[in-house]
Amino acid sequence: MDESQSRDFIRQVIDEDLKTGKYDGRVHTRFPPEPNGYLHLGSAKAIWVNYGIADEYGGKFNLRFDDTNPIAEEKEFIDSIVEDVKWLGADFEDRLLFSSDYFQQMYDYAIDLIKKGKAYVCDLNAEDMKEYRGDYNTPGKNSPNRERSVEENLDLFERMKKGEFPDGSKTLRAKIDMTHPNMNMRDPPMYRILHATHPHSGDEWCIYPIYDWAHGLEDSIEGITHSLCSIEFENHRPLYDWFLDELDIYHPQQIEFARMNVSYTIMSKRFLKELVTKELVNGWDDPRMPTICGMRRRGYTPEAVKEFCYRAGIAKKANIIAFELLEACVRDDLNKKASRVMGVLDPLKIVIDNFPEGEIDMLDAINNPEDPDAGSRQVPFTREIFIERADFMEEPVKKFFRLAPGREVRLRYAYLLTCNDIIKNDAGDVVELHCSVDLDSRGGNAPDGRKVKATIHWVSATESIDTEIRLYDRLFTVENPMGEKDHDYKEFINPDSFKTLAGCKVEPAVKDLEHGDTVQFERTGYFCVDPDSTDGNIIFNRTVGLRDSWARMQKGK
RNA sequence: AGUCCCGUGGUGUAGCGGUUAUCAUGCUUGCCUUUGGAGCAAGCGACAGCGGUUCAAAUCCGCUCGGGACUACCA
């Protein structure tokens with residue numbers, strides 16, 4: 001640990017606990033997802049808070065499925081969550097754990113509590129229980145069954161477990177205080193009857209523990225020291241503590257921090273699911289989705305996601321982290337790692353009149369200026385090439401210093417090129433340029449040292465590969481889609497968030513790439529090979545564009 | 001309305017009684033450049049308000065204002 005670094009409030013608590021020897025110097029955290037959906041950026045944050053802290057202090061980290069509600073949970077989600085946690089880089093070693101493995105122990109603890117007169121079987125149905133609970137302003141009323149004898153409670157609870165009663169007919173409840181100002185303390189249910197097959201424990205149980213009862217026990221059983229969770233559990237902490245205290249068992253400390261929101265996206269599992277089921281996106285792994293699998297498909301790296309979670313920080317204040325920060329982290333990481341190639345998204349044909357027909361000139365190109373070990377490759381240059389349509393302007397505006405009639409630019413790693421003629425179609429669109437090249441400038445250096453203002457990318461017209469490119473933009477048009485009271489978040493879906501470009505031209509080096517590989521198209525952005533690609537048809541996803549000060553200058557006007 | 005939590009540049013974040021109020025992102029400008037990328041340099045921009053304690057308050061106390069969480073047999 002670097003003591004000179006600023007410490008968030010959780011690390012400060014842990015520092016103090018270490019100093020006082022509260023947990024014998026141990027640090028043990030956990031990530032407790034319910035297997036009822038896919039992990040997303042918010043989950044990544046929770047993982048990096050928990051795993052990051054354990055790792056930093058030389059402690060342990062558990063992946064624990066909080067699988068106490070068989071109605072909502074599926075094997076599919078268990079598998080995807082394990083995959084995503086591993087991909088993110090959180091190492092739970094051999095501790096892939098399931099709450100459902102503790103059901104017997106929890107049951108035994110419940111019997112302890114009944115024997116202590118602190119829990120009772122209640123016959124109220126859901127509707128009546130709600131009625132009896134009162135609300136924020138009015139105190140609740142005691143259940144008619146609150147004073148049942150310990151013997152009767154023990155008997156009833158055992159029969160609940162044996163399956164003698166139908167779903168919803170009885171619950172086991174903690175006996176606390178129906179007038180408590182904290183609603184969570186108004187005799188909260190601990191068990192409900194649910195005759196359902198569980199994805200991990202099968203049909204072994206027909207009573208299932210409820211979160212508040214289960215979670216502290218799980219933490220206690222695993223020897224967790226610091227149970228880090230989000231703010232909405234703050235009001236549950238008194239109950240977390242109450243159960244552990246009444247049982248008089250090992251007592252971890254729950255600490256809450258603010259969940260992370262990110263601008264222009266949403267982080268709710270429920271609504272993410274709605275986007276998928278209503279086909280507003282193309283599945284959970286749509287590259288626009290903030291899901292882990294979506295970001296993976298988009299080409300975001302686990303290192304970038306981790307860095308983002310760290311830069312976002314930890315505090316208790318409600319927050320919306322700028323999406324731009326995520327993009328900055330992705331660019332930072334990819335800049336160091338991604339090989340460069342040239343790709344033309346919107347091709348404009350150029351014929352170089354003074355370059356021999358049929359000749360293929362193989363030119364050296366550096367793979368990654370940021371990484372000398374990445375080596376170099378050869379790029380074929382021919383008489384006919386493509387450049388980016390946006391790199392030519394018939395009537396160049398001020399500060400545009402790329403190609404224009406009579407103007408010279410550098411073709412990256414190739415030759416200095418001058419535009420001589422423009423060919424237009426009947427509609428007046430520029431369809432082709434006739435240019436010439438300074439044959440003494442091979443490699444891109446001016447023989448007389450003359451300055452050339454711009455360097456543009458290009459691709460051979462005959463020796464390039466045709467690809468499809470998918471462009472993604474922010475999923476929503478507003479920073480906080482959930483924040484508009486009178487509007488449904490779906491109204492803000494960005495109609496331009498997904499575009500497909502066909503007929504893009506990329507240099508031949510990309511044919512060796514595999515699914516998921518990322519490259520930088522020079523001057524354009526980072527692109528990764530989509531799993532939809534086949535041998536004859538490479539499809540690229542744009543992960544993120546390069547910073548483009550020209551584009552910003554234009555937008556500012 | 002009740003309980004709990006939280007207010008530092010546009011967005012996040014540090015600060016723990018004395019600082020030119022940190023860092024990142026963002027934006028602006030300059031340098032450099034065979035990516036208008038990267039890098040480098042400079043700049044812009046904040047302590048919610050009001051009282052109090054103190055020689056000294058972003059830091060401690062009180063009030064006001066503002067924001068968030070919570071009324072599932074979900075987690």
Side-chain angles (χ1 to χ4, degrees), chain A residues 5-8 12 32-34 36 66-69 71-73 122 124-126 129-130 133-140 167-173 180-186 188-194 207-208 210-212 214-215 229-238 256 258 260 263 269 310-329 331-332 335-336 340 342 365-366 369-370 399-402 410-414 416 443-446 452-457 479 520-525 545-553 556:
Chain A
Q5 255 181 10
S6 69
R7 325 231 64 184
D8 56 75
Q12 289 178 27
E34 184 189 14
N36 67 346
D66 207 358
D67 55 350
T68 57
N69 181 15
I71 307 287
E73 298 154 8
C122 178
L124 255 27
N125 62 32
M129 194 183 289
K130 186 183 169 73
R133 187 161 37 229
D135 61 31
Y136 293 140
N137 307 304
T138 53
D167 287 2
S169 62
K170 288 186 188 332
T171 55
L172 182 72
R173 291 227 254 167
H180 199 110
N182 182 341
M183 302 285 289
N184 297 129
M185 300 297 272
R186 318 245 264 227
M190 297 159 59
Y191 277 94
R192 75 283 213 185
I193 301 172
L194 232 45
I207 56 171
Y208 288 93
I210 284 159
Y211 175 84
D212 285 308
H215 205 84
C229 61
S230 50
I231 287 290
E232 66 259 40
F233 294 105
E234 211 152 26
N235 295 335
H236 294 247
R237 178 158 28 94
E256 311 85 16
M260 179 175 71
S263 60
K269 256 191 227 179
Y310 272 81
R311 288 197 206 174
I314 304 173
K316 301 187 82 159
K317 192 172 62 166
N319 61 72
I320 301 180
I321 313 292
F323 183 72
E324 293 82 349
L325 183 63
L326 212 206
E327 294 187 317
C329 293
R331 288 192 192 102
D332 269 7
N335 178 46
K336 289 177 272 178
R340 267 113 247 233
M342 290 191 284
I366 292 164
E370 303 291 323
K399 291 203 171 175
F400 178 88
F401 40 80
R402 280 113 83 168
R410 175 183 297 107
L411 295 174
R412 175 140 240 228
Y413 297 125
L416 301 184
N445 295 303
V452 179
K453 190 80 172 156
T455 299
I456 64 173
H457 60 276
E479 286 193 8
Q520 183 197 101
F521 288 179
E522 296 221 23
R523 305 206 308 131
T524 304
L546 248 29
R547 289 190 64 196
D548 186 345
S549 46
W550 167 251
R552 273 183 293 149
M553 207 192 301

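Each chain gets a letter, A, B and so on, in the order its sequence line appears, and its residues count up from 1. No hydrogens, no waters, no symmetry mates; every other heavy atom, side chains included, goes into these values.
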Nearest listed nucleotide, side chain of A:E522, among B:G2, B:U35, B:C5: B:U35

Any A:T524 side-chain nitrogen or oxygen under 4.0 Å from OP1 or OP2 of B:G37: no

Phosphate OP1/OP2 of B:A75 contacted by A:R192 side-chain N/O (<4.0 Å): yes

Distance test, side-chain N/O of A:R523 to OP1/OP2 of B:G36, below 4.0 Å: yes

Euclidean distance, atom CZ of residue A:R7 to atom P of B:G15 [Å, nearest integer]: 10 Å

Residue A:K316, side-chain heavy atoms: nucleotide from B:C6, B:C73, B:G36 that is nearest: B:C6

Nearest to side-chain heavy atoms of A:D548, which nucleotide of B:U35, B:A75, B:G36: B:G36

Rounded P spacing from B:G49 to B:G66 in Å: 15 Å

Integer angstrom distance from the P of B:G18 to that of B:A57: 11 Å

Candidate nucleotides B:A75, B:A24, B:G12, ranked by approach to the side chain of A:R311 - the nearest: B:A24

Atom C1', compared across B:U33 and B:U22: separation rounded to whole Å: 32 Å

Closest listed nucleotide, where the reference is the side chain of A:P369 and the choices are B:G37, B:G36, B:C73: B:G37

A:F401, nearest nucleotide to its side chain (from B:A24, B:A14, B:G36): B:G36

Distance, P atom - from B:U71 to B:A56, rounded to whole angstrom: 47 Å

Pi stacking test for A:Y136 and B:C70: under 5.5 Å apart, planes under 30°: yes

Value rounded to 0.5 Å, distance of CZ in A:R340 from CZ in A:R412: 9.0 Å

P gap between B:A1 and B:U8, integer Å: 24 Å

Out of B:U25, B:U35, B:A38, whichever nucleotide has its closest atom nearest the side chain of A:A328: B:U25

Phosphate OP1/OP2 of B:C70 contacted by A:R133 side-chain N/O (<4.0 Å): no

P atoms of B:G17 and B:A24, separation to the nearest Å: 25 Å

Sugar-phosphate, base or nothing in reach of A:I366, heavy atoms under 4.0 Å: nothing

Distance below 4.0 Å between A:T68 side-chain N/O and B:A75 OP1 or OP2: yes

Touch class at under 4.0 angstrom, heavy-atom based, for A:P238 against every strand present: nothing

Closest nucleotide among B:G7, B:C73, B:U35 to the A:K317 side chain: B:G7

Sugar-phosphate, base or nothing in reach of A:N235, heavy atoms under 4.0 Å: base

Atom CG of A:L194 with >12 non-hydrogen neighbours under 6.0 angstrom: yes

B:G12 and B:C47, which share atom name C1', separated by this distance in whole Å: 15 Å

Nucleotide nearest A:E370 when distance is taken to its side chain, options B:G36, B:C5, B:A38: B:A38

C1' spacing across the pair B:C40 / B:C32, given as an integer number of angstrom: 8 Å

Touch class at under 4.0 angstrom, heavy-atom based, for A:K453 against every strand present: nothing

Contact under 4.0 Å: A:Q12 side-chain N or O vs B:G15 OP1/OP2: yes

Touch class at under 4.0 angstrom, heavy-atom based, for A:Q520 against every strand present: base

Sugar-phosphate only, base, or nothing, as touched by A:H236 at under 4.0 Å among non-hydrogen atoms: base

Value in whole Å for how far the C1' atom of B:C74 lies from CD of A:E34: 7 Å

Sugar-phosphate, base or nothing in reach of A:F400, heavy atoms under 4.0 Å: base

Under-4.0 Å side-chain N/O to phosphate OP1/OP2 contact, A:R552 with B:U28: yes

